[in-house]
Amino acid sequence: MPSDAVPHLRWTDLPVAALPLGPDLFDPAVTFTCGQTFRWEPVEGAWIGVAGGHIVRLWQEGRWTCSQAYPPGFDLARYLWADFDLAGWAAAMRSRDPWLAMALAAFPGLRVLRQDPEEMLFTFALATASHVPRITHMVRSLAAQLGAPIAWIDGRLYRAFPTAEALLAAPDDLLTGPCNLGYRARVIRRLAAWYCERGRAWLSDLAARPYAEAHRRLQEAPGVGPKVADCLCLFGLGFAEAVPIDAQTWKVARGLFGSALPTRTLTARTYRLAGDLFRQRYGPAAGWAQEYLYHAARTGRLAGLAAR
DNA sequence: AATGGACCTGCCGTC
DNA sequence: GCGCGCAGGTCCATT
């Protein structure tokens, strides 16, 4: 669809909704920049992002999180996992170990988001051997180059995350050129072809399966290993017990669990083992604990936690 | 089952 | 400004 075929709107004309989430329960700045989502930007005291085909603007007023969205029908409460009792969980977790307690204190209001599973599939397949600034650039370029236009708002055009079909049809020099995917261009193309043969139901059906099964079956997709599968489980399918173990989290795991992890490097077996140890220590929302520990480790707040 | 290496570049801490 | 570099890994070949 050409970009002049979508509506021209103004934020002042869009209705406002509100959720009872104050800064202690939801901190947009931390949540949107900690490496689980890549399309939110601060704009004049608010945050604007595109998620699941909706343009969303949100800001906080006292104990409330206010929001606008186009097209209407965006379920912000679901997106923010608002029914997860962050305060209660955090209170229960502080005693598990001083490291998680430190991370909880350092980043109050960090929430795990429930994002669109298809977007998560391609986003985290893209994220391999990369880092947050670069992933952000890749995701935003892809949306700018291949995303369907949704609307103009206050003179700016917003585009959706590219569909699998659009990624599959994209010329190779577009993926490697302006989007700077590097070797990931091949990965994305292969994954898009594989996914297009199955369709969206393949992903959404997994959300109804037990975590272990979903995690295993996701890895049937090319370019999806154990870590990307866990990102999908946690960020896209709502499995709070999924613990993505990347390089940072592996360092944390070695510090926490020491000799219980038999190898120095992350292997298929130790990946499983580390995840189980996290779940043992932090319970059914171990994925939330991972998110706090990952962000703390990445920003250098866990300097004292060295592997034995 | 556990390494070792390749794969594309932009960051970023370190010489 | 670089860099036997490293980064939210995965895949494949060897041992």
Side-chain angles (χ1 to χ4, degrees), chain A residues 30-40 103 107 110 112-113 115 119-142 170 172-195 215-237 239 242-255 259 261-276 278 286-303:
Chain A
V30 179
T31 301
F32 292 154
T33 62
C34 73
Q36 58 176 322
T37 188
F38 302 94
R39 294 200 62 194
W40 287 89
F107 309 110
L110 168 58
V112 175
L113 301 171
Q115 304 181 70
E119 294 183 14
M120 293 298 95
L121 175 66
F122 291 106
T123 297
F124 284 96
L126 221 61
T128 65
S130 192
H131 42 85
V132 173
R134 180 155 187 209
I135 302 164
T136 304
H137 176 70
M138 292 189 289
V139 168
R140 291 184 186 179
S141 319
L142 281 177
D172 202 56
D173 55 353
L174 183 72
L175 298 181
T176 54
C179 300
N180 280 316
L181 299 199
Y183 71 89
R184 300 165 193 83
R186 281 195 310 277
V187 177
I188 290 306
R189 187 179 305 290
R190 249 190 341 145
L191 179 58
W194 189 93
Y195 179 80
H215 184 247
R216 179 167 44 77
R217 294 198 46 203
L218 284 169
Q219 293 176 66
E220 294 168 9
V224 178
K227 189 269 177 183
V228 173
D230 267 327
C231 286
L232 268 146
C233 282
L234 181 61
F235 302 136
L237 300 179
F239 289 106
V243 180
I245 298 177
D246 55 89
Q248 297 290 347
T249 308
W250 175 242
K251 284 180 198 163
V252 173
R254 291 196 38 189
S259 56
L261 297 167
T263 58
R264 196 167 186 286
T265 55
L266 191 50
T267 70
R269 189 166 65 98
T270 46
Y271 186 99
R272 264 197 309 279
L273 187 52
D276 288 341
F278 273 112
W288 282 67
Q290 185 274 351
E291 205 49 27
Y292 276 85
L293 291 168
Y294 164 75
H295 191 57
R298 197 172 76 80
T299 54
R301 304 293 193 103
L302 298 183

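These numbers come from a predicted model, not from an experiment. Below, chain A is the first sequence line, B the second, and so on; all start at residue 1. These numbers come from the heavy atoms of this one structure, side chains and all, not from hydrogens, waters or symmetry mates.
Ring centers of A/Phe38 and A/Phe32: at least 6.0 Å apart, outside the cut-off.
Look at A/Arg184 and you won't find any side-chain N or O under 4.0 angstrom from OP1 or OP2 of B/dC7. Dashed line: the shortest gap from a side-chain N or O of A/Thr267 to OP1 or OP2 of B/dA2 is under 4.0 Å.
One interatomic measurement links the two molecules: CG of A/Leu126 to P of C/dT10, which rounds to 13 Å at whole-angstrom precision. If you take CZ of A/Arg272 and C1' of B/dA2, they are 13 Å apart, rounded to a whole angstrom. One atom, CH2 of A/Trp250, and another, C1' of B/dA2, lie 12 Å apart when rounded to the nearest Å. Going from atom CG of A/Leu266 over to atom P of B/dA1 covers 15 Å, rounded to whole Å. The distance from atom NE2 of A/His295 to atom P of C/dG8 is 12 Å, rounded to the nearest whole Å. Taking atom CD1 on A/Ile135 and atom P on C/dC6, their separation rounds to 18 Å, with Å as the unit.
Checking C/dG9, B/dT3, C/dT10 against the side-chain heavy atoms of A/Pro226 singles out C/dT10 as nearest. Which of C/dT10, B/dA2, B/dC12 sits closest to the side chain of A/Lys227 comes down to C/dT10. Nearest to the side-chain atoms of A/Thr263 among the listed nucleotides B/dT9, C/dG8, B/dT3 stands B/dT3. Comparing C/dG9, B/dG10, C/dG8 by their closest approach to the side chain of A/Ala129 singles out C/dG9. When the nucleotides C/dT10, C/dG8, B/dT3 are ranked by their closest atom to the side chain of A/Thr265, B/dT3 comes out on top.
Rounding to the nearest 0.5 Å places NE2 of A/His215 at 11.0 Å from CG of A/Leu237. Taking CE of A/Met120 as the start and SG of A/Cys233 as the end, the distance is 13.0 Å to the nearest 0.5 Å.
A/Ala127 comes within contact range of the sugar-phosphate backbone alone, with a heavy-atom separation under 4.0 Å but no base atom that close. Within 4.0 Å (heavy atoms only), A/Gly225 reaches sugar-phosphate atoms of the nucleic acid but no base atom. Residue contacts for A/Cys179: at a heavy-atom cut-off of 4.0 Å it reaches no nucleic acid atom on any strand shown. Across all strands, A/Arg269 comes closer than 4.0 Å only to sugar-phosphate atoms, never to a base (heavy-atom distances). A/Gln290 comes within 4.0 angstrom of a base, heavy atoms only. Looking at heavy-atom distances under 4.0 Å, A/Val187 makes no contact with the nucleic acid at all.
Nucleotide C/dC4 has no partner under the Watson-Crick or G-U criteria, as no pair reaches both atom distances under 3.5 Å.
Comparing B/dC15 with C/dC6, their C1' atoms are spaced 15 Å from each other, to the whole Å. Atom P of C/dG8 sits at a distance of 11 Å from the matching atom of B/dG13, rounded to the whole Å. Atom name C1', nucleotides C/dC4 and B/dG4: the rounded distance is 15 Å, in whole Å. Only the C1' atoms considered, C/dC11 is 23 Å distant from B/dG10, to the nearest whole Å. Taking atom P on both nucleotides, C/dG1 is separated from B/dT9 by 23 Å, rounded to a whole Å. B/dC12 and C/dG9 are spaced 16 Å apart, taking the P atom of each and rounding to whole Å.
Judged by distance alone, the side chain of A/Tyr294 and the main-chain N or O of A/Gln248 form no donor-acceptor pair under 3.5 Å.
A/Gln36 is listed as a side-chain neighbour of A/Leu110, based on a closest heavy-atom distance under 4.5 Å.
A stacking contact between A/Tyr183 and B/dA6 is absent: the pair does not combine a ring-centre distance of less than 5.5 Å to the base's six-membered ring with planes differing by less than 30°.
When each of A/Val132 and A/Pro222 is assigned the nucleotide of DNA chain C bearing its nearest heavy atom, the one mapping closer to the 5' terminus is A/Val132. Toward the 5' end of DNA chain C, the nearer of the two residues A/Pro133 and A/Arg190, judged by each one's closest nucleotide, is A/Pro133.
In this structure, a donor-acceptor pair under 3.5 Å is present between the side chains of A/Asp246 and A/Thr249. One side chain, A/Thr128 or A/Tyr183, offers a donor N or O that lies under 3.5 Å from an acceptor on the other.
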